[in-house]
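A quick note: this is a predicted structure, and the numbers were derived from the prediction, not measured. Proteins come first, then strands; the chains are lettered A, B, ... in the order of their sequence lines, and each starts at number 1.
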Number of protein chains: 2
Amino acid sequence: MTRKVSLKDIAAAVGVSTALVSYVLNNKKEGRINKVVAEKIRSTALAMNYRTNQIAKSLKTNRTHTIGLILADISNPFSAALARVIEDEADKHHYTVIFGSSDENPEKYRKILDALVNRQADGLILSPPEHAEPQITDLQQQQIPFVLIDRYFPGMETNYIVLDNYKAAFEVTQHLIDCGHKRIGMINYASSLFHLTERTRGYLAALTKNKIPFIPDYLQQVNVTDLKADTEKAVHNLLQHSAPAAAILFGSNVIAMHAVKYINQQQYIIPDNVALACFDETDAFDLFYAPLTCIKQPIREMGQLAVKMLLENIEHNNTPLKQITLDGELMVRASTRMSDV
Amino acid sequence: MTRKVSLKDIAAAVGVSTALVSYVLNNKKEGRINKVVAEKIRSTALAMNYRTNQIAKSLKTNRTHTIGLILADISNPFSAALARVIEDEADKHHYTVIFGSSDENPEKYRKILDALVNRQADGLILSPPEHAEPQITDLQQQQIPFVLIDRYFPGMETNYIVLDNYKAAFEVTQHLIDCGHKRIGMINYASSLFHLTERTRGYLAALTKNKIPFIPDYLQQVNVTDLKADTEKAVHNLLQHSAPAAAILFGSNVIAMHAVKYINQQQYIIPDNVALACFDETDAFDLFYAPLTCIKQPIREMGQLAVKMLLENIEHNNTPLKQITLDGELMVRASTRMSDV
DNA sequence: CTGAAAGCGCTTACAG
DNA sequence: CTGAAAGCGCTTACAG
């Protein structure tokens with residue numbers, strides 16, 4: 001490998017000190033430098049195809065201009081969309097993104113986090129899995145700026161930006177009730193993550209509010225590790241119940257996708273046999289004969305605010321914590337449209 | 001910010017040199033170090049919650065263990081899936097991924113590339129946009145290891161791993177012909193990118209092979225910048241033609257998505273009114289009444305091979321160029337299923 | 001078995 | 001207006 005050209009090479013070529021080259025190339029001490037010399041430095045840098053070694057610069061300045069991003073799974077449309085927004089926003093501020101997917105696995109999450117911290121990311125945007133509290137505490141102790149996105153731990157004092165999942169779940173359940181349904185099932189993840197339990201809580205609250213007795217069988221839990229099979233079983237349990245569910249709310253678009261495929265296979269007609277609704281928008285449903293009513297998350301806003309909050313924390317030491325809860329948008333579509341009875 | 005603990009701190013605490021600490025923590029000079037001392041170093045490092053500063057290490061070793069990845073758009077399912085595979089494979093080898101989306105914009109691509117190179121990525125996996133040849137030449141001159149993925153420039157001697165787009169397009173067109181169609185349209189990007197022109201070439205070759213005269217109106221071009229409108233116009237041109245197309249091949253899943261939505265809106269029945277096929281698989285079609293026949297790309301294999309090739313190039317200086325062309329898989333589905341006439 | 005020392009490529013207070 | 005020098009936190013050949 002031909003050695004890369006360094007400040008020293010330029011300095012030697014021009015006949016000045018590396019300090020001067022550094023000043024010029026970084027536009028420090030504007031005007032206080034001889035224009036002719038400055039110009040000569042600039043042109044030689046260009047001619048020699050100089051590229052600053054960010055690693056060296058980072059070591060000295062203690063800034064990498066890098067944001068670490070951990071999401072559940074970058075190939076999931078929700079994560080991918082979020083990643084894209086974050087990338088764009090980071091780029092605007094001349095930050096680059098390093099990322100990793102946790103697969104909701106605490107151990108994997110811990111390892112990725114370690115890698116990002118060791119690489120001296122200036123700050124982190126995290127969508128933590130269950131049991132990630134110790135790592136959060138760690139970051140706090142090390143005083144590494146971070147903001148949680150999509151989820152947070154209610155007991156912990158951190159920056160976060162999340163959906164009002166309780167409210168969203170309440171609204172969509174209320175919508176199902178308004179459609180005339182009483183036997184409303186929910187399929188959600190078996191998880192202690194707050195954003196998910198909030199969804200269940202919202203569902204239950206809407207039932208209570210409307211004086212609809214809750215039937216435990218109607219709340220079905222599924223595991224991420226075995227999602228397809230679990231979901232199919234859950235759908236089966238709901239629809240083959242002695243008092244079959246007339247409507248189902250899914251805790252995420254991924255659950256919904258598995259469920260709808262199965263429901264379709266079983267030849268149920270939506271919404272006539274069963275009305276459906278879910279969290280998160282996906283274009284996967286756009287072409288379906290009964291596009292799913294869903295809670296649309298403000299992904300763009302979430303991502304942009306997350307980056308903004310993070311950069312504030314990176315740039316100012318004592319930024320107060322910010323905890324933002326955004327409203328989802330109920331998108332009513334054909335899967336809950338009342339037939340004209 | 002409480003200063004981070006460094007090798008020096010550990011050395012001071014234990015009462016040895018930083019050199020020794022470094023050796024122990026990196027498992028260098030195994031066995032040639034006093035076990036008691038080594039153990040003491042390890043335990044103090046743990047107690048002090050030491051984390052190596054990768055930036056400093058990188059500056060010295062000239063290795064960042066980072067892979068730079070540039071794709072068209074991380075939020076596109078094809079890119080996202082590829083990114084995920086690459087992340088997993090990189091992780092296996094203890095590499096971290098920095099990424100950026102080019103949006104098929106050469107200028108944006110150049111800027112991202114610059115950022116990744118300046119950050120001293122050990123190597124790059126690139127899906128270059130049009131007119132990226134100068135940047136390729138640049139990388140070659142700087143002897144930065146890289147492999148192209150999904151696309152390449154036939155005139156340039158680089159590592160690459162791509163689909164056999166000509167063959168795939170030929171096959172899927174032949175399939176449409178075998179279904180009894182003669183009036184076959186194609187909607188492809190107006191682009192000089194080789195992988196796209198190959199798709200057109202394969203389409204044309206299949207027509208010729210089957211002695212079907214090519215009607216210029218049947219080949220419609222669309223621009224990424226105005227994709228939705230262009231695609232709708234293209235579909236309109238094909239289906240409102242004096243001799244309307246009976247089948248359409250789409251150059252990508254994104255084009256297909258726009259087209260199918262529009263075709264659906266216009267109440268055409270698939271495949272009876274028009275048969276459809278496209279490149280790339282998407283689960284967006286899984287729930288559609290006529291899932292699209294498509295060419296499935298071996299994404300997993302592509303990503304894994306790309307990382308493998310790249311790491312070989314990073315680790316060994318004179319690795320010979322490798323140029324891999326993989327076959328796609330024709331997935332025949334309802335959008336081209338012959339009705340039982 | 002261990003340490004002193006140089007150096008990776010930058011930045012920046014300080015001196016002149 | 002410019003430069004000598006220290007130092008960021010590591011690694012590693014060399015010496016003992």
Side-chain angles (χ1 to χ4, degrees), chain A residues 1-42 44-45 48-66 117-122 142, chain B residues 1-42 44-45 48-66 117-122 142:
Chain A
M1 175 117 70
T2 53
R3 210 175 54 72
K4 297 209 182 113
V5 2
S6 70
L7 283 192
K8 218 204 245 176
D9 300 320
I10 299 175
V14 181
V16 295
S17 71
T18 58
L20 201 56
V21 178
S22 171
Y23 290 137
V24 171
L25 264 26
N26 288 301
N27 299 312
K28 294 276 170 74
K29 311 207 173 187
E30 297 273 13
R32 318 223 277 107
I33 290 168
N34 184 311
K35 300 232 177 197
V36 182
V37 177
E39 192 37 54
K40 186 145 180 224
I41 289 174
R42 265 186 253 276
T44 8
M48 296 177 79
N49 194 20
Y50 171 74
R51 352 203 18 148
T52 105
N53 181 331
Q54 286 291 347
I55 296 292
K57 187 170 189 161
S58 294
L59 180 58
K60 185 67 192 168
T61 60
N62 215 12
R63 277 283 140 87
T64 55
H65 276 259
T66 288
V117 169
N118 289 350
R119 272 173 181 73
Q120 312 294 121
D122 290 337
Q142 299 184 250
Chain B
M1 174 119 68
T2 53
R3 208 176 54 73
K4 295 209 184 115
V5 1
S6 70
L7 282 192
K8 220 203 241 173
D9 300 320
I10 299 175
V14 181
V16 295
S17 71
T18 58
L20 201 55
V21 178
S22 171
Y23 290 137
V24 170
L25 264 28
N26 288 300
N27 299 312
K28 295 274 169 76
K29 309 209 174 188
E30 297 273 14
R32 320 224 275 105
I33 291 168
N34 185 310
K35 301 230 177 200
V36 182
V37 178
E39 191 38 54
K40 188 149 178 217
I41 289 173
R42 266 186 252 276
T44 2
M48 297 176 81
N49 193 22
Y50 170 74
R51 350 202 21 148
T52 105
N53 181 330
Q54 285 291 347
I55 296 293
K57 187 170 188 162
S58 293
L59 180 58
K60 185 64 194 171
T61 60
N62 216 10
R63 276 283 138 86
T64 55
H65 276 259
T66 287
V117 169
N118 289 350
R119 273 174 179 74
Q120 314 294 121
D122 290 337
Q142 299 185 249

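What separates CZ of Arg51(B) from P of dC10(D) is a distance of 12 Å, to the nearest Å. Atom C1' of nucleotide dG3(D) and atom CG of Leu7(A) are separated by 14 Å, given to the nearest angstrom. The CG atom of Asn62(A) sits 11 Å away from the P atom of dT12(C) (whole-angstrom rounding). If you take NZ of Lys4(B) and P of dC8(D), they are 14 Å apart, rounded to a whole angstrom. If you take OH of Tyr23(A) and P of dA4(D), they are 12 Å apart, rounded to a whole angstrom. Counting to the nearest Å, the C1' atom of dT12(C) and the CG atom of Asn27(A) are 16 Å from each other. One atom, CD1 of Ile55(B), and another, P of dC10(C), lie 14 Å apart when rounded to the nearest Å. Atom CG in Asn118(A) sits about 13 Å away from atom C1' in dC10(D), given to the nearest Å.
For Ser17(A), the side-chain atoms get nearest to dG3(D) when compared with the rest of dT2(D), dG3(D), dT11(C). With dT11(C), dC1(C), dC10(D) as the choices, the nucleotide that has an atom nearest any side-chain atom of Arg32(B) turns out to be dC1(C). Across dT12(D), dG9(C), dT11(C), the shortest atom-to-atom separation from the side chain of Ala19(B) is found for dT12(D). Looking at the side chain of Asn26(B), the nearest of the listed nucleotides dG9(D), dT11(D), dT12(C) is dT11(D). You'll find that the side chain of Lys28(A) is closest to dT12(C), out of dC14(D), dG3(D), dT12(C). Side chain of Lys57(B), nearest nucleotide from dC14(C), dC10(C), dC10(D): dC10(D). Taking only side-chain atoms of Ile33(B), from C-beta outward, the nucleotide of dG9(C), dT11(D), dT2(C) with the closest atom is dT2(C).
You'll find the side chain of His65(B) reaches within 4.5 Å of the side chain of Arg119(A), heavy atoms only. Taking 4.5 Å as the limit, some side-chain heavy atom of Val16(A) sits within range of a side-chain heavy atom of Val37(A).
If you find the closest nucleotide of DNA chain D to Leu20(B) and to Val37(A), the one lying nearer the 5' end belongs to Val37(A). Remark on DNA chain C: of its neighbouring residues Thr18(A) and Thr61(B), the 5'-side contact belongs to Thr61(B), judged by nearest-heavy-atom nucleotide.
Rounding to the nearest 0.5 angstrom, the gap separating the CG atom in Leu7(B) from the OG1 atom in Thr52(B) is 8.0 Å.
Side-chain N or O atoms of Thr44(A) include none that pairs as donor or acceptor with a backbone N or O of Ile10(A) at under 3.5 Å.
In the interface, the side chain of Lys60(A) is not paired with the base of dG9(C) through any donor and acceptor atom under 3.5 Å apart.
A side chain to side chain contact (heavy atoms under 4.5 Å, CB included) with Gln120(B) holds for exactly one of Ile55(B), Leu59(B), Thr64(B); it is Thr64(B).
The pairing partner recorded for dA4(D) is none, the criterion being a Watson-Crick or G-U wobble arrangement whose two distances lie under 3.5 angstrom. dA13(D) is unpaired under the Watson-Crick or G-U wobble criterion, no partner having all donor-acceptor distances under 3.5 Å.
Within the nucleic acid shown, Lys8(B) has no heavy atom closer than 4.0 Å to any nucleic acid atom. Looking at heavy-atom distances under 4.0 Å, Leu59(A) makes contact with a base.
In this model, a donor atom of one side chain and an acceptor atom of the other lie less than 3.5 Å apart for Lys57(B) and Asn26(B).
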